[in-house]
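Since the structure comes first, as structure tokens, the remarks are kept for the end.
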2 protein chains.
Amino acid sequence: MPRRSIKEERRTQILDAFEICVARYGVEGATLERVAEEAGLARPLIRHNVGNRDDLLDALLERYLESSERSMQELVAALPQDKRLETLIDWLFGPAMVDHREVLVSNALIAAAAERPKLARAMRDWTRAFIADIARVVAEARPEAEQDAVEAVAAGIAAAYLSVESMAPLGPMTDLRRTSKAAAQRLAGTLEG
Amino acid sequence: MPRRSIKEERRTQILDAFEICVARYGVEGATLERVAEEAGLARPLIRHNVGNRDDLLDALLERYLESSERSMQELVAALPQDKRLETLIDWLFGPAMVDHREVLVSNALIAAAAERPKLARAMRDWTRAFIADIARVVAEARPEAEQDAVEAVAAGIAAAYLSVESMAPLGPMTDLRRTSKAAAQRLAGTLEG
DNA sequence: TCGTTTATTGTCTATCTTGACAATCTATAA
DNA sequence: TTATAGATTGTCAAGATAGACAATAAACGA
């Protein structure tokens, strides 16, 4: 008898819009009004399908953690057989690394974590996992390298990538992208021989 | 006849509070109410001494640009005669690098720059100036190094520093601080010989 | 067709935020 | 002392925001 539910579609539609707003305005600036407009839905539908503000943030966090882990795994899985580390750097600092939203979202979440212990824990884990993923590629590419060296190089590459992506609101900055990529390549080079 | 003006003191007091709120809540989350409470002043005094929201942001930006340029110059000026680059890295990644507020403010300003062209220009310049300051120290320490190499190393060190400081809301993260410092040292090492 | 379940819309209230202005208080110099 | 410029406080209106709920519309199965 019931009408078929489209709650799941609506939910992802709303979370997409919320994610865009968080990336653009920050967690505090992502008002329900803006989210509703971005989603092309009436505001009460947000409440109906997801819940209140806290529910939105919880849902976004959960979805973001899963999706960014998945996309990183896919990225690593798509790496070729040889020159894996070099290719990873090429991809990370490529001109069209996704649409820049991913890192903007993580930045907004990190910034908002100051007053939200749960968020802080989650983003701490997220950061460590991201670096660890890079470290794995580095370790495979340079099997003889020491553990500490691998970790330092991975952290450096991750920092360069995150830093460049954080600047997206400032516009292209292709020079910074180029020099940051060069820095990553230099770091990788320190593990050779 | 007039009563002596304390507008300047009040102004810095208010901008201090605004800066703290921007670091903690982001530009959108730094409401006048929070600023007033943080400053320990009545809200109308903000208007009386600085102006409306936009005036606040303009004033903060101007002050921030000047003060961060000055503090960077002082940092460089305070470097010892030898081991300048190594010391700079020690200081940048030291445990108590100021109070973490500086980079949080710049992050908030960068995030808010998406919809404010003037802000975007200013923060683009700020970023380039920061890297250039580091590049100068690097170039002095490694006079034989190529320009491109110097720029890459400087960008890498800057990225590592900014990245670590951005994580301040997540708590200490001393491991990340250590590995990031090691990455910076590695990068510096690529210019030797 | 009809009833049930869900989607969608409309509306209301409480609170927050901002901007603005009037009124009062206070220090300082004439 | 007194006039004056400025500091401080109080208050209000307009708009934005969030939360909640009732009412309506639409789909689906019996």
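For the numbers below, each heavy atom of this structure counts, side chains included, while hydrogens, waters and symmetry mates do not. Just so it is clear: chains get the letters A, B, ... in the order the sequence lines come, proteins before strands, and each one is counted from 1.
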Nucleotide-resolved protein contact map, nucleotides 16-22 of chain C, B/S/- at heavy-atom distance under 4.0 Å: -SBBB--

Pair listing, side-chain hydrogen bond (donor to acceptor under 3.5 Å, both in side chains) test, anchored in residues 104-123 of chain B, at least two apart: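 Output for this query lists B:E28-B:R116, B:N107-B:S166.
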
With sequence neighbours excluded, residues passing side-chain hydrogen bond (donor to acceptor under 3.5 Å, both in side chains) with A:Q13: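 Per chain and number, A:Q13 pairs via side-chain hydrogen bond (donor to acceptor under 3.5 Å, both in side chains) with A:R10.
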
Residues that B:T127 engages under side-chain hydrogen bond (donor to acceptor under 3.5 Å, both in side chains), provided they are two or more places apart: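 Counting only residues at least two positions away or on another chain, B:T127 forms no side-chain hydrogen bond (donor to acceptor under 3.5 Å, both in side chains).
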
Roughly, in whole Å, what's the span from [atom1] in [X] to [atom2] in [N]?
X: A:H48; N: C:dA7; atom1: NE2; atom2: P; answer: 4 Å
X: A:N49; N: C:dT6; atom1: CG; atom2: P; answer: 12 Å
X: A:R10; N: C:dT9; atom1: CZ; atom2: C1'; answer: 13 Å
X: B:I14; N: D:dA7; atom1: CD1; atom2: P; answer: 11 Å
X: A:I46; N: D:dA20; atom1: CD1; atom2: C1'; answer: 14 Å
X: A:L45; N: D:dT24; atom1: CG; atom2: P; answer: 18 Å

Lys/Arg N to Asp/Glu carboxylate O, A:E37 vs A:R43, below 4.0 Å: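 No, this pair does not count.
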
Listed partners of A:R53 passing side chain to side chain contact (heavy atoms under 4.5 Å, CB included), at least two apart: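 Per chain and number, A:R53 pairs via side chain to side chain contact (heavy atoms under 4.5 Å, CB included) with A:V27, A:L32.
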
Any residue meeting ring-ring contact (aromatic ring centres under 6.0 Å, His included) with B:Y25, in chain and number order, not counting sequence neighbours: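 With sequence neighbours excluded, B:Y25 shows a ring-ring contact (aromatic ring centres under 6.0 Å, His included) to no residue whatsoever.
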
